[in-house]
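Here is the structure we will look at.
Within every chain, numbering begins at 1; the chains are lettered A, B, ... in the order of the sequence lines, protein sequences first and strands thereafter.
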Amino acid sequence: MEELNFTEKVLLVVQNIPKGETKSYSEVAQLAGSPRAARAVGNIMKHNVYPHIPCHRVIKADGSLGGYNGLQGKKEALLREEGW
DNA sequence: CGTATGACGTGCA
DNA sequence: GTGCACGCCATAC
């Protein structure tokens, strides 16, 4: 967790999100080491080429689903299937 | 090295 | 309660 860059940390945190649970970008950013880097987190998700990242479990701090590569509706469907 | 961009967050109108 | 604008961080060009 110390040898990892912000991006790697964010990826790990998102991977660590339990099924049926959601985390806000600010939360992930904080766990990644930068509580104010919610934007950077979103950028990583957008740049994310890692298929193991449930980006659909990452939402905005106010409870909005945010974005999902333009598949916001799909995001809600995925979360609903997970018991969210 | 400096500039521009973005899947966000918070505050104010 | 909703909408607009500003601010912050990291990455890519």
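- Distance, A/Q30 CD to C/dC8 C1': 15 Å, rounded to whole Å.
- Between A/D62 atom CG and B/dA7 atom P the separation is 16 Å, expressed in whole Å.
- A/S34 has a side-chain polar atom (N or O) that falls below the 4.0 Å cut-off from OP1 or OP2 of C/dA10.
- Between the side chain of A/R39 and the base of C/dC8, at least one donor-acceptor pair of N or O atoms lies under 3.5 Å.
- Taking the side chain as every heavy atom from C-beta outward, A/I53 and A/Q15 approach each other to under 4.5 Å.
- One interatomic measurement links the two molecules: NZ of A/K60 to P of B/dG9, which rounds to 6 Å at whole-angstrom precision.
- Between the C1' atom of C/dA10 and the CE atom of A/M45 lies a distance of 13 Å, rounded to the nearest Å.
- Taking NE2 of A/H56 as the reference point, atom CE of A/M45 lies at 12.0 Å (rounded to 0.5 Å).
- Nucleotide B/dA7 holds its P atom 21 Å from the CD atom of A/E27, rounded to whole Å.
- Comparing A/V41 and A/S26 against DNA chain B, the residue whose closest nucleotide sits nearer the 5' end is A/V41.
- Judged purely by atom type and a 3.5 angstrom limit, A/R57 has no side-chain atom pairing as donor or acceptor with the backbone of A/T22.
- A/S34 contributes no side-chain N or O that, together with a main-chain N or O of A/A37, makes up a donor-acceptor pair within less than 3.5 Å.
- Relative to the side chain of A/K46, the nucleotides C/dT11, C/dC9, B/dA7 differ in distance, and B/dA7 lies closest.
- As a whole-Å value, the separation of A/F6 CZ from C/dA12 P is 13 Å.
- A/R36 places its CZ atom 14 Å from the C1' atom of B/dG11, with the value rounded to the nearest Å.
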side-chain hydrogen bond (donor to acceptor under 3.5 Å, both in side chains) between A/D62 and A/S64, intermediate numbers included: CA-CA 6 Å; A/D62 59 294; A/S64 299; 2.6 Å; yes
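- Of all nucleotides listed (B/dG9, C/dC9, B/dG6), B/dG6 comes nearest to the side chain of A/N43.
- Of the side-chain N and O atoms in A/T7, none sit less than 4.0 angstrom from OP1 or OP2 of C/dA10.
- In this structure, A/I17 atom CD1 and B/dA7 atom C1' are separated by 13 Å, rounded to whole Å.
- Here the nucleotide nearest the side chain of A/A38, chosen from B/dA7, B/dG9, C/dT11, is B/dG9.
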